[in-house]
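Beneath this line is the structure, given in structure tokens, with notes to follow.
These numbers were taken from a predicted model, which means no experiment stands behind them.
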Amino acid sequence: MKTINKIAIGGVAAGVAGMAAGVGMILAGRSAWKRLRNWGAQELYGQTVLITGGSRGLGLALAEEFARQGCNVVICAREEDELIRARQQIERLGVEVVAVPCDISKPDEVEHMVNVARQHFGRIDLLVNNAGIISVGPLLSQKLEDFHEAMDVMFWGVVHPTLAVLPQMLHDGRGRIVNITSIGGKVSVPHLVPYGCAKFAAVGFSEGLHAEVKRFGVNVTTVVPGLMRTGSHLNAFFKGKQEYEYGWFALSGTNPLFSIAVERAARQIVNATRRNQAELIISWQAKLLARVHGVAPSMVSEALALVNSLLPNAEGGSTEKKAGHESQTAVTRSPLTALGKRAAKRYNQLGDIA
């Protein structure tokens, strides 16, 4: 009996030792994988990053994340009050911040902003093209000006800063450009057609730019986020049946089942930047949609047509814009959007909104 007990005890001990060895191998494998992924990644400490649309939302989250890496930070946006609040928030992390009012759709203002940044910090090591604008509503409620505005901000607003900083980067043989696009630039979805058109153009520019300038030492990263909880739903614009449009947009964009926390997205973007990653798709939902569309585009288009049939139609709606915070209902004021409201407060989306 004693012999049997010794054998049993020995077997248990061997099993525990085997499990411990297995766990050790898994941890060692994970550590090796992390080292492999970060192989060749360059430190960002002391570099200067310029972020367009850096006064709120994802842009502000990125500014804070780059600040934690020890970067000098330059942010721009159109609203000066927002910039002041954002600059003060970033400065709490102990870095130097320059905030420049700028309309990135205007080349002369972009040139001025770039010159201010260079005069202050000497050079721009990293450009993040992040600024965006959203007009939500059925196609029949959109005007030609909505398409122009989307292209001005999210296509030309990427091209102008890029062309302003690129000559210096090419001359020096180093630099990074990060273009924040969208899953809407891979798959065009209903009720966001002007936005999708501009994001498709931005993806094309970013991918072509990467192919052309990499051999000169300039790295381009195309970031393709899915839904993120940035609080931007409050400042997006809505057309058609505005309260209904805002309702589906706010509920999907703040729900953790469909959206990712903006802090997490910012960390992923900074890590991809450090690794000089060519493309980063954020969220498993966005990755799945991009992959399915890649192999079965017709099926996805038909599925989106079905989704569109469930969304509000244009009949009886308005062709005028109304901000999200002006389009709220009891449902969108409820705890269902609590995470979005928290993000809005944290990332300067509320401003003077009551």
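Counting heavy atoms from C-beta outward, Phe249 and His191 have side chains that stay 4.5 Å or more apart. Taking 4.5 Å as the limit, every side-chain heavy atom of Lys199 sits out of range of all side-chain heavy atoms of Leu192. You'll find the side chain of Glu245 reaches within 4.5 Å of the side chain of Pro312, heavy atoms only. At least one side-chain heavy atom of Tyr246 sits under 4.5 Å from a side-chain heavy atom of Leu234.
Residue-environment remark: CD (Glu80) stays at or below the threshold of 12 foreign heavy atoms within 6.0 Å.
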Would you tabulate the side-chain donor-acceptor contacts of residues 286-307 under 3.5 Å, counting partners in other chains and residues two or more places apart, or write 'none'?
residue: Ser301; atom: OG; partner: Pro297; partner atom: O; Å: 3.1

I'd like a table of donor-acceptor pairs (distance under 3.5 Å, sequence neighbours excluded) in which one partner is a side-chain atom from residues 70-78, with atom names and distances.
residue: Asn72; atom: ND2; partner: Thr48; partner atom: OG1; Å: 3.4

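No path of Ile, Leu, Val, Met, Phe, Trp and Tyr side chains, each step under 4.5 Å between heavy atoms, connects Met151 with Phe200, placing them in separate hydrophobic clusters. Placement of Leu227 and Val193 in two distinct hydrophobic clusters is found when ILVMFWY residues are connected by side-chain heavy-atom separations under 4.5 Å, directly or transitively. In terms of hydrophobic clustering, with Ile, Leu, Val, Met, Phe, Trp and Tyr side chains grouped at heavy-atom distances under 4.5 Å, Val331 and Tyr244 are assigned to different clusters.
Arg176 pairs with exactly one of Thr273, Asn276, Asp125 by the side chain to side chain donor-acceptor pair (under 3.5 Å) rule, that one being Asn276. Checking each of Gln142, Glu145, Glu149, Lys321 against Ser135 for a side chain to side chain donor-acceptor pair (under 3.5 Å) leaves exactly one that passes, namely Gln142.
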